2 protein chains.
Amino acid sequence: MRKRTISIATVAAEAGVGVGTVSRVLNGSDQVSEATLKRVLGTIERLDYRPLRSASSLSKGRTDAVGILVSVITRPSVMARLVGVIDVLSDAGLDAVVFNVDNRAQLDRHLSSIIDQRRVDGIISISLRIPKERIARIRKLAIPLVLVDNSLPNLPCVYIDDVAGGKLATEHLLSLGHRRIGFIGDNARSDLGMSASENRYAGYLMALEAAGIGPDFDLVARGPHSSEAAAVLASALFELGKRRPTAIFASSDTLAVGVIKAAQQHRLKIPDDLAVIGFDNLEVSSILDISTVNQPLLESGTKGASKMVSLLNGEIAKPHREELVLDVVPRGSSLGIQRNSPTKLYGVVEGPKGLQILQGGEELVS
Amino acid sequence: MRKRTISIATVAAEAGVGVGTVSRVLNGSDQVSEATLKRVLGTIERLDYRPLRSASSLSKGRTDAVGILVSVITRPSVMARLVGVIDVLSDAGLDAVVFNVDNRAQLDRHLSSIIDQRRVDGIISISLRIPKERIARIRKLAIPLVLVDNSLPNLPCVYIDDVAGGKLATEHLLSLGHRRIGFIGDNARSDLGMSASENRYAGYLMALEAAGIGPDFDLVARGPHSSEAAAVLASALFELGKRRPTAIFASSDTLAVGVIKAAQQHRLKIPDDLAVIGFDNLEVSSILDISTVNQPLLESGTKGASKMVSLLNGEIAKPHREELVLDVVPRGSSLGIQRNSPTKLYGVVEGPKGLQILQGGEELVS
DNA sequence: TCATGCCATGGAACCGGTTCCGAATCGGGA
DNA sequence: TCCCGATTCGGAACCGGTTCCATGGCATGA
């Protein structure tokens with residue numbers, strides 16, 4: 001027992017070579033002869049040596065980690081993006097350091113610690129707007145920054161057009177003959193720049209206006225991002241009696257679920273008495289047969305992370321700014337047509353202890 | 001322009017002190033006189049100097065980061081735990097490095113890279129079982145390891161008794177007079193050690209046996225963890241005709257949603273024709289009025305992370321092993337009693353552009 | 001006045017890799 | 001045989017902090 005920790009020097013001594021050579025072996029340099037390569041690798045194996053991350057970070061000047069700024073992770077839509085980001089980073093050998101942001105002060109704190117201490121090589125912001133002065137600083141330090149579900153000029157980003165999405169949803173309801181269309185959305189989180197709901201609302205207004213319908217603020221309601229809140233707001237709209245909406249556009253599927261629930265409690269038949277469309281195409285909207293606007297959530301994460309990987313490799317992010325496509329997914333909550341049973345997607349077999357759907361089928365579920 | 005990066009040496013020179021003194025200032029040592037403290041702080045401020053994380057990691061021998069191993073993040077239950085973990089770590093000034101694990105090989109790869117390269121100071125495993133040989137290695141290297149939603153002897157962990165939970169759920173249905181009780185669960189992921197569903201199944205069998213009811217494997221079904229799959233499986237059970245179950249215990253709320261949906265398609269009235277109970281008490285079960293077994297998800301994360309923080313501070317994790325309590329939340333899907341409208345939780349007010357629930361109300365939603 | 005001791009401080013050594021420069025070795029052509 | 005260039009290699013310097021030890025100054029007590 002000579003030394004506590006085995007370092008690169010230990011390996012070098014043991015293998016009878018210099019530390020430089022060991023380092024070259026570790027980094028796959030081709031400046032090493034076959035014979036010494038084998039010998040060094042053997043020694044590494046024998047000593048069970050692994051280079052220390054923080055040491056190589058220091059001398060290389062990079063951390064091989066990427067910071068991910070994200071808010072309200074619990075929302076399924078945010079989650080999906082996050083998973084996309086993490087998976088791509090992980091495949092590229094980069095650590096994903098997640099920072100959960102609840103308010104503006106926290107955002108600032110995290111940003112300054114991330115940026116100043118250089119604890120990560122790059123930053124991916126999911127849905128959050130980074131304050132201008134921070135962006136300036138990030139630029140000056142040449143730290144790559146990628147925006148997911150967000151867009152700013154001259155920055156690599158992956159985003160959707162929420163205004164267009166809101167229009168699509170509203171047009172869908174208009175095309176079904178609805179004239180009194182309500183809107184239920186989030187409270188704006190302007191401090192964090194999360195404005196998807198408000199943008200979708202803007203699209204809603206535009207679609208109405210294009211159809212020659214003026215805004216009726218009695219049909220508009222906003223609250224926290226939860227089904228419960230949406231149910232309460234929807235109930236309030238239903239109590240307008242004759243003036244109640246015949247259709248509702250909920251700015252997310254989570255809210256749409258609440259609307260559906262409230263409608264059931266008010267004995268409104270869907271879609272005859274009330275048509276509903278949501279946004280995001282979450283799994284819950286599929287199972288509850290809710291019409292929605294599909295956006296590629298996971299893809300926004302993977303594409304954003306891919307851009308980051310490119311940037312860190314010194315390449316240019318291929319499509320620098322990328323807008324993902326949206327499309328309406330009409331389902332029973334607006335059309336009323338019973339959609340096909342999902343049975344065919346799965347093969348149910350008899351197992352030894354009950355029915356069974358084989359795991360492979362899991363891939364069929366998005 | 002003298003030096004590219006401002007290091008501790010720059011600050012020392014500029015302030016006319018030694019590097020040691022600057023370091024002491026940075027680390028809040030009390031071995032510094034008031035006068036020099038002020039001077040050094042002033043210089044730091046003026047130069048806008050921040051210590052480099054990787055350099056201090058190297059010399060301190062720790063990274064101030066914690067690795068989080070987690071699988072299928074997209075499940076709301078996993079999500080909630082993860083958020084709890086991240087928030088507590090963040091408050092303690094620790095980075096949360098998230099590793100998403102899809103299969104056994106990936107788990108091994110991540111573990112070896114985490115452990116060998118010492119890229120983190122501690123490891124928190126959410127729901128995943130760490131292979132024995134890895135545990136041995138982790139122990140030998142004295143890397144703190146905390147298990148969340150998992151339990152192993154002699155390791156700090158936060159867990160629930162899934163078997164007892166399965167019993168609770170089944171007993172609830174038995175107490176309502178049901179005798180033909182079905183079970184719908186996940187496919188076991190034995191490779192990752194995610195056995196919650198199977199444990200709940202064991203509890204289900206125990207409760208039945210205690211009630212003098214033998215197992216009927218025709219009423220048991222397993223599939224992927226999705227509402228869609230659960231709907232398919234439930235449909236299959238409903239087609240048993242007279243022999244169909246009058247109640248179903250779904251091993252998670254996500255599956256329960258699928259069961260409810262399938263029941264509606266089969267024109268079964270809930271709970272008269274079919275009673276349903278789920279597990280986890282997710283938000284969706286509340287809005288859809290599904291009975292469930294509540295487990296403190298967020299809390300499991302915060303408690304686990306707190307243990308980690310203690311361990312990293314050299315303290316002993318207070319309750320070394322901690323079992324969280326479960327309780328049945330009876331709702332309409334089994335009792336049939338219309339639960340109170342959630343209206344009272346929220347104050348709806350008239351805003352300038354539509355109805356409004358003030359953001360403060362968000363706290364009322366779990 | 002001098003010894004004692006504490007406190008503040010400077011700075012060398014160190015953490016464990018990477019990199020670059022100079023040296024050694026080797027092969028091939030003249 | 002000698003020279004030249006290419007290839008391989010050793011190791012010092014370096015990355016930017018932390019820590020420990022030696023030193024100097026000051027106050028206290030005898």
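So you know, we letter chains A, B, ... as the sequences are listed, proteins then strands, and number each from 1. The basis for the numbers below is simple: all heavy atoms, side chains too, and nothing from hydrogens, waters or symmetry mates. Keep in mind that what you see is a predicted model, and the values were worked out from it rather than measured.
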Passing candidate, salt bridge (Lys or Arg N to Asp or Glu O under 4.0 Å) with B:Asp149, options B:Arg75, B:Lys303, B:Arg81: B:Arg81
Angle between terminal axes - the helix from C:dT1-D:dA30 to C:dA30-D:dT1, 5 pairs each end, rounded to 10°: 50°
[atom1] of [X] versus [atom2] of [N]: gap in Å, rounded?
{"X": "B:Asn27", "N": "D:dC20", "atom1": "CG", "atom2": "P", "value": "12 Å"}
{"X": "B:Lys38", "N": "C:dA8", "atom1": "NZ", "atom2": "C1'", "value": "17 Å"}
{"X": "B:Lys60", "N": "D:dT19", "atom1": "NZ", "atom2": "C1'", "value": "11 Å"}
{"X": "B:Arg62", "N": "C:dG16", "atom1": "CZ", "atom2": "P", "value": "15 Å"}
{"X": "B:Glu34", "N": "C:dA8", "atom1": "CD", "atom2": "P", "value": "10 Å"}
{"X": "A:Leu37", "N": "D:dC9", "atom1": "CG", "atom2": "C1'", "value": "14 Å"}
{"X": "B:Arg39", "N": "C:dA8", "atom1": "CZ", "atom2": "P", "value": "14 Å"}
{"X": "A:Leu26", "N": "C:dT19", "atom1": "CG", "atom2": "P", "value": "11 Å"}

Whichever of A:Pro51 and B:Asp30 has its nearest DNA chain C nucleotide further upstream toward 5': B:Asp30
Are [X] and [Y] close enough that a side-chain donor and a side-chain acceptor fall under 3.5 Å?
{"X": "B:Ser113", "Y": "B:Arg119", "value": "yes"}
{"X": "A:Arg321", "Y": "A:Ser151", "value": "yes"}
{"X": "B:Asn103", "Y": "B:Asp191", "value": "no"}
{"X": "A:Arg118", "Y": "B:Ser54", "value": "no"}

With a non-hydrogen cut-off below 4.0 angstrom, is [X] in contact with a base, only sugar-phosphate, or nothing?
{"X": "B:Ser56", "result": "sugar-phosphate"}
{"X": "B:Val22", "result": "nothing"}
{"X": "B:Ser33", "result": "sugar-phosphate"}
{"X": "A:Leu52", "result": "sugar-phosphate"}

Side chains of B:Ile130 and B:Leu155 in contact at under 4.5 Å (non-hydrogen atoms): no
Heavy-atom side-chain contact between A:Val11 and A:Ile6 under 4.5 Å: no
side-chain hydrogen bond (donor to acceptor under 3.5 Å, both in side chains) between A:Asn150 and A:Ser127, intermediate numbers included: CA-CA 5 Å; A:Asn150 211 317; A:Ser127 302; over 6 Å; no
[N] phosphate, OP1 or OP2, under 4.0 Å from [X] side-chain N/O:
{"X": "B:Thr36", "N": "C:dT9", "result": "yes"}
{"X": "B:Gln31", "N": "C:dA8", "result": "yes"}
{"X": "B:Ser59", "N": "D:dG16", "result": "no"}
{"X": "B:Thr21", "N": "C:dA8", "result": "no"}

Nearest-nucleotide pick for B:Thr5, side chain only, options being C:dG10, D:dG16, C:dG17: D:dG16
Minimum-distance nucleotide (side-chain atoms of B:Val32 versus D:dT18, C:dG16, C:dT9): C:dT9
Distance in Å, B:Ile123 CD1 paired with B:Leu69 CG, rounded so as to fall on 0.5 Å steps: 6.0 Å
Atom of B:Ala92, atom of B:Val309 and distance for their closest heavy-atom approach: CB-CG2, 3.7 Å
Comparing A:Val19 and B:Ile8 on DNA chain D - which has the more 5′ nearest nucleotide: A:Val19
Atom pairs, N/O to N/O, protein against nucleotides 20-24 of chain C, distance under 3.5 Å?
{"unit_1": "C:dC20", "atom_1": "N4", "unit_2": "A:Arg24", "atom_2": "NH1", "d": "2.9"}

